[in-house]
Amino acid sequence: MSIRKATVIRIAFSFLILAIFSVVSVAMVYVVAGYQRNNYYKLRKAQVSAAAAVIDPRDVQALSGDESDVEKPEFQRVIEQLTRIKNSDPDLDFVYVMQPRGLEFVFIADAENPSSPEYSSPGEKNEVSGYEELNIFEGNDPPVALVEGPIHNKWGEWVNALAPIVDDTGRPIAVLGTDVEAGKALKLVYNTKVYGITLVFGLIAIMALILSQWVLWRYQAQKAVHLKGKVRQSVDELNEELVRANRMKLEFIQLSSHELRSPMNAIAIAINAIGHQLKGQLTEDQEKLIEIAMRGSARLVDLVDNLLDITRLEAGNFILRPAKVNVKEIVENTIAIHKPQVSNKGIALKATLPEEEIEACVDMQAMVRVLENLLSNAIKFTDKGEISVELEADDDYIRITVKDTGIGIPEDFKGDIFEKFKTVEQGKDRRTGAGLGLAFTRSLIENQGGRIWYESKSSSGSLFGFEIPRYQKETP
Ligand code: ADP
């Protein structure tokens, strides 16, 4: 799924959660508020019913519901009762008795002070009472109390509780009313709604914040994964490109080295032959030129050989074929080949070999090449003294060291001498090549699971040593 689609789904999901939470929470607040209001209404009904029961119905029956009542002692008793009821609960704003006249209601008595503008005198019409109150007279048998409101009238908003005053036969003869100002009566209900809804919206805001962070976090995480994938893809592509370019480079070097090898060899052989044939017949200058040409062609042959070998090894075309060999014999033969070169230079070449034959399973070609490289370097950089080769073997490894008394490698030489094209800075004694021999040697050794090292001092020559596993897996 695309990041965009997933994000849109997450946003829609968040909205759905918020909407469900809002509806459920607001509904809960209203349920609690409704429950509180019902409880309050029940209390008021009980209160007004109890109050109606203490009013003597005979006193009420004695009243005619007009101004003349004021002088009657029954009226005074009713007023006293109403005042007592009003004083029993400071929340009650108005306490009064009224009776129906047709479809309307008129006041019979009012606990309010007669001098108050809110006083209703006997016979005065109650503007807000009507059908509902008539139910008390014409509805349930026995008549029951009711609570109504909030209702509006000219004095404000009210919650009124009304209960019937019944005669001895249980017939309703009047209604006792108690009014409480709505804000006061329903304070708890209003508070529950206000605080409840504020709390709900606070929670919704927090949830919206959390959900938006979640959507953002998922979006960023997905984007990061997507970017990572893209970077990885371009790295892979680049890598493939590099591998291809490297392969092309290796193939080119391999091809050109291979093509160069035969003519270079031919030139080197021809120059050597000319040099030997014309020895003694040439002037000193001509001999020097021949000498330079011989050295140069030998170096070129060496370079092309090394280049070809190292590229073959890197391209995986130099396949090692371990087989059963006699290592002592290989070392002896390689030394024998180099003997003439050494004696020409007037230096000694010694070998320290074990008494017994050393059987091993290694690639003979590779071992010869390594030995030849180390020996020819030793010969190249040694003008006096000796070169000694030592062979050792244990159950697991074959170890060979080539030690010379040549110019050595300076102690302060920095860098890896076994790296390609790495040579010690040229001095007048140093006849360096391209710096490929030791790199190729190390690759050969490491390809067999072995290692190579050197110890060297400018003053006392160098020691190059290597070890390779003695019993390598034989290839068929
Ligand atoms: P090359 O001999 O073709 O330059 P190598 O990789 O065989 O390349 O050797 C790298 C460098 O290491 C040489 O140029 C030389 O300076 C130094 N070196 C190698 N063997 C010896 C040695 N036996 N004595 C002194 N220096 C050596």
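Computation of the quantities below employed the complete heavy-atom set of this structure, encompassing side-chain atoms and omitting hydrogens, waters and symmetry-equivalent molecules. Bear in mind the structure is a predicted one, so any value in this text is a computation, not a measurement.
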Considering all heavy atoms, the nearest I271-A293 contact: CD1-CB, 3.8 Å

Electrostatic pair K86-E112, nearest N-O below 4.0 angstrom: yes

Evaluation steps, salt bridge (Lys or Arg N to Asp or Glu O under 4.0 Å), between K187 and D91: CA-CA 12 Å; K187 192 173 175 191; D91 276 353; over 6 Å; no

Close side-chain approach of K420 and L307, heavy atoms under 4.5 Å: no

Rounded distance (nearest 0.5 Å) linking atom OG1 of T192 with atom CZ of R37: 12.0 Å

Under 3.5 Å: donor-acceptor pair, side chain of D404, backbone of S462: yes

Close side-chain approach of V194 and T198, heavy atoms under 4.5 Å: yes

Ionic contact status for K350 with E386, cut-off 4.0 Å: yes

Chi angles and distances behind the side-chain contact (heavy atoms from CB on, under 4.5 Å) call for E372, T334: CA-CA 7 Å; E372 272 183 342; T334 316; 3.8 Å; yes

Heavy-atom check, side chain of D383 versus side chain of I347, under 4.5 Å: no

Verdict with supporting geometry, L320 and L444, side-chain contact (heavy atoms from CB on, under 4.5 Å): CA-CA 9 Å; L320 294 165; L444 265 187; 4.0 Å; yes

Distance, nearest 0.5 Å, that separates CG of N38 from CG of L43: 11.5 Å

Side chain proximity check, V215 to F13, heavy atoms < 4.5 angstrom: no

side-chain contact (heavy atoms from CB on, under 4.5 Å) assessment of Q36 paired with N191: CA-CA 11 Å; Q36 287 172 330; N191 281 350; over 6 Å; no

Single hit among L463, V402, L374, I409 for side-chain contact (heavy atoms from CB on, under 4.5 Å) with Y454: I409

Over all atoms of both residues, closest heavy-atom pair of I358 and A393: CG2-CB, 3.8 Å

Closest heavy-atom pair and its distance - S297, M294: OG-O, 3.0 Å

From CG (L308) to CG (L313), nearest 0.5 Å: 11.0 Å

Contact summary for V327 and A360, nearest pair of heavy atoms: CG2-CB, 3.6 Å

Side-chain touch V29/S25, heavy atoms, less than 4.5 angstrom: no

Nearest-0.5 Å distance, CG of residue D363 to CG of residue N447: 10.5 Å

N/O donor-acceptor pair under 3.5 Å between K345 side chain and I379 backbone: yes

L391 CG to I400 CD1 distance, which is reported to the nearest 0.5 Å: 5.0 Å

S14 (side chain) donor-acceptor with S212 (main chain) under 3.5 angstrom: no

Ion pair D394/R399, N-O distance below 4.0 Å: yes

Stepwise side-chain contact (heavy atoms from CB on, under 4.5 Å) test for L438 and N373: CA-CA 7 Å; L438 285 180; N373 275 352; 5.9 Å; no

Under 3.5 Å: donor-acceptor pair, side chain of R44, backbone of V159: yes

CD/Q220: more than 12 non-hydrogen atoms of other groups inside 6.0 Å: yes

Flag side-chain contact, heavy atom, 4.5 Å: L186 against P150: yes

Check: D93 and K184 side chains under 4.5 Å, non-hydrogen atoms: yes

Pair D302 + R299: basic N to acidic O under 4.0 Å: no

Q365 atom CD, neighbour heavy-atom count above 12 within 6.0 Å: no

Audit row: E291, R295, salt bridge (Lys or Arg N to Asp or Glu O under 4.0 Å) steps and yes/no: CA-CA 6 Å; E291 172 73 26; R295 263 215 310 271; 3.4 Å; yes

Nearest-0.5 Å distance, CD of residue E455 to OG of residue S460: 10.0 Å

Sidechain-backbone polar pair: Q341 side chain, H338 backbone, donor-acceptor under 3.5 Å: no

Minimum-distance pair of heavy atoms, taken over all atoms of A439 and I310: CB-CD1, 3.8 Å

Heavy-atom donor-acceptor pair, H226 side chain to Q222 backbone, under 3.5 Å: no

F418 and T441, any side-chain heavy atoms less than 4.5 Å apart: no

Distance-minimising heavy-atom pair for R10 and Y219: NH1-N, 4.4 Å

